Amino acid sequence: MKVKMADGVQDMRAVWFENGSLKLIDQRKLPLALEIVETADWRRATEMIRDMTVRGAPAIGITAAYAMALALRAGEDPQKAALHIKAARPTAYDLFYAVDRIADACASGEDVLCAADGYAEEIVEKCRAIGRYGAPLIADGMKVMTHCNAGALATGDWGTALAPMRVAHAEGRRFFVYVSETRPRLQGMQLTAWELLQEGIDHAIIPDSASARYLRDGVGLVITGADRIAANGDFANKIGTLDKAILARHFGVPFYVAAPISTFDPHAADGKAIPIECRAEEEMTCLGGQRLAPIGSRALNPAFDVTPGTLVTGFITESGIIPPDSLSRIMKRV
Ligand code: MRU
């Protein structure tokens, strides 16, 4: 990801390991401040997943891989550490996949920090492949819609849903992105818009509730990320994704989901098996720390919804674009 700093443009990752510490961009502070936080403590790294300093399924996975490696290096019991880290957030499958990968590396005598480095590099490479496979879907002059943030911040570098946009832009095609704000935590408005601005990709932030209007009036493609994809193609992603998928089908707009293999859960037969995180009411009832809802009203705040695989045109993966009815091909490799 290219980030404009006061002293020029810098290549940066959302999560990286340097001089014995895990470093992360604090995503809660963007776009007002670009702050890097660091820790060498696995419990603190786990806390940073829970409090959403880092978010987005593959970036959560990379952070979890380092948290597990730091725990094992500190002599923690592997099973206890794995359980603790896996409890940080329930929906993104990458979290579980990454912890198990580092536990396996440990069991086979590998250096766990090298294994976590390898895991991070692998995810970055997979996202680059997603970008290359997905870019041809974006034609010159097209209007594209995305939801939440499935960009570099959510993955380490390039992104999943934003990777094809980065590649198409680098190839010289000019297109326009509708970025839905993503209530209540505003990952679309605060993070996706920030990334697209850094890349010079033309875009506008829209209210989540304006999706129908723009899907009717000229959007040619929807691309989102995913937090967990079940064997039948049902997938969990940020709340509001289901609305867009239904609307895209209604208006005949192709709907693609971009995700690496670490997001595919072969143990979940369908969407009913995906656990959905419910977050604090205050995320809904308060804005900027001030309560706006009447005292006494309750709020419901499911962080994700599940979209049926039947509404998906294709999954953009590091192995190519896969139709929902052919997912068994990729599930065998998980
Ligand atoms: O609650 P978040 O911000 O972690 O939710 C993130 C999303 O829903 C993303 O779309 C998903 O993780 C894909 S990220 C490549």
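All ligand and atom numbering here is 1-based and tracks the order in the structure. Note that the coordinates shown come from a computational prediction; the quantities given were computed from them, not determined experimentally.
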Qualifying residue, where the test is side chain to side chain donor-acceptor pair (under 3.5 Å) with Asn149 and the options are Arg185, Gln190, Arg55, Gln27
Arg55
Ligand 1 contact on Arg185 by region, counting heavy-atom pairs under 4.0 Å:
neither
Report, in ascending order of atom number, the atoms of ligand 1 lying under 4.0 Å from any heavy atom of Gln187.
1 (O), 2 (P), 3 (O)
Do Met142 and Phe251 land in one hydrophobic cluster if side-chain heavy atoms of ILVMFWY residues count as linked below 4.5 Å?
no
Give me the residue, atom name and distance of the protein heavy atom closest to atom 14 (S) of ligand 1.
Ala154 CB, 3.5 Å
Interfacing atoms of ligand 1 (cut-off 4.0 Å, heavy-atom, Ala57)
12 (O), 14 (S)
Counting only heavy atoms closer than 4.0 Å, does ligand 1 sit against the backbone of Ala150, its side chain, both, or neither?
both
Quick check: do Ile321 and Phe315 have side-chain heavy atoms less than 4.5 Å from each other?
no
I'd like to know if Arg13 and Glu121 make a salt bridge, using a cut-off of under 4.0 Å between side-chain N and carboxylate O.
yes
Is Ala92 near ligand 1, meaning one of its heavy atoms is under 4.0 Å from it?
no
So which protein heavy atom does atom 10 (O) of ligand 1 come closest to, and at what separation?
Asn237 OD1, 2.6 Å
N/O to N/O below 3.5 Å, does that happen between Thr155 and ligand 1?
no
With heavy atoms only and a cut-off of under 4.0 Å, state how His147 meets ligand 1: side chain, backbone, both or neither.
neither
Per atom 13 (C) of ligand 1, closest listed option by heavy atom (Ala258, Gly56, Ala59, Ala226):
Ala226
Heavy-atom pairs closer than 4.0 Å: do any link ligand 1 to the side chain of Lys238, the backbone, both, or neither?
both
Charged N to carboxylate O below 4.0 Å: is that the case for Lys238 and Asp227?
no
Suppose we measure from atom 6 (C) of ligand 1 to each protein heavy atom; which comes out shortest, and what is that distance?
Arg55 NH2, 3.4 Å
Does ligand 1 have an atom that lies less than 4.0 angstrom from a heavy atom of Arg89?
yes
the protein heavy atom lying closest to atom 7 (C) of ligand 1 turns out to be Asp227 OD1, 3.2 Å
Is the shortest distance from a Lys or Arg side-chain nitrogen in Asp11 or Lys2 to a carboxylate oxygen in the other one below 4.0 Å?
yes
Any N/O pair Ile60/ligand 1 closer than 3.5 Å:
no
List ligand 1 atoms under 4.0 Å from Pro58, heavy atoms only on the residue side.
14 (S), 15 (C)
Backbone, side chain, both or neither: what part of Asn149 comes under 4.0 angstrom of ligand 1, heavy atoms only?
backbone
Run the salt-bridge test on Arg44 and Glu47 with the 4.0 Å N-O cut-off and return the result as yes or no.
no
Is any side-chain N of the basic residue among Asp51 and Arg28 closer than 4.0 Å to the acidic one's carboxylate O?
yes
Salt-bridge criterion met for Asp208 and Arg183 (N-O under 4.0 Å)
no
Between Glu277 and Arg279, does any side-chain N to carboxylate O distance fall below 4.0 Å?
yes
State whether the shortest distance between N or O atoms of Thr160 and N or O atoms of ligand 1 falls below 3.5 angstrom.
no
Candidates Asp100, Thr63, Ile49 - the one meeting side chain to side chain contact (heavy atoms under 4.5 Å, CB included) with Leu95:
Ile49
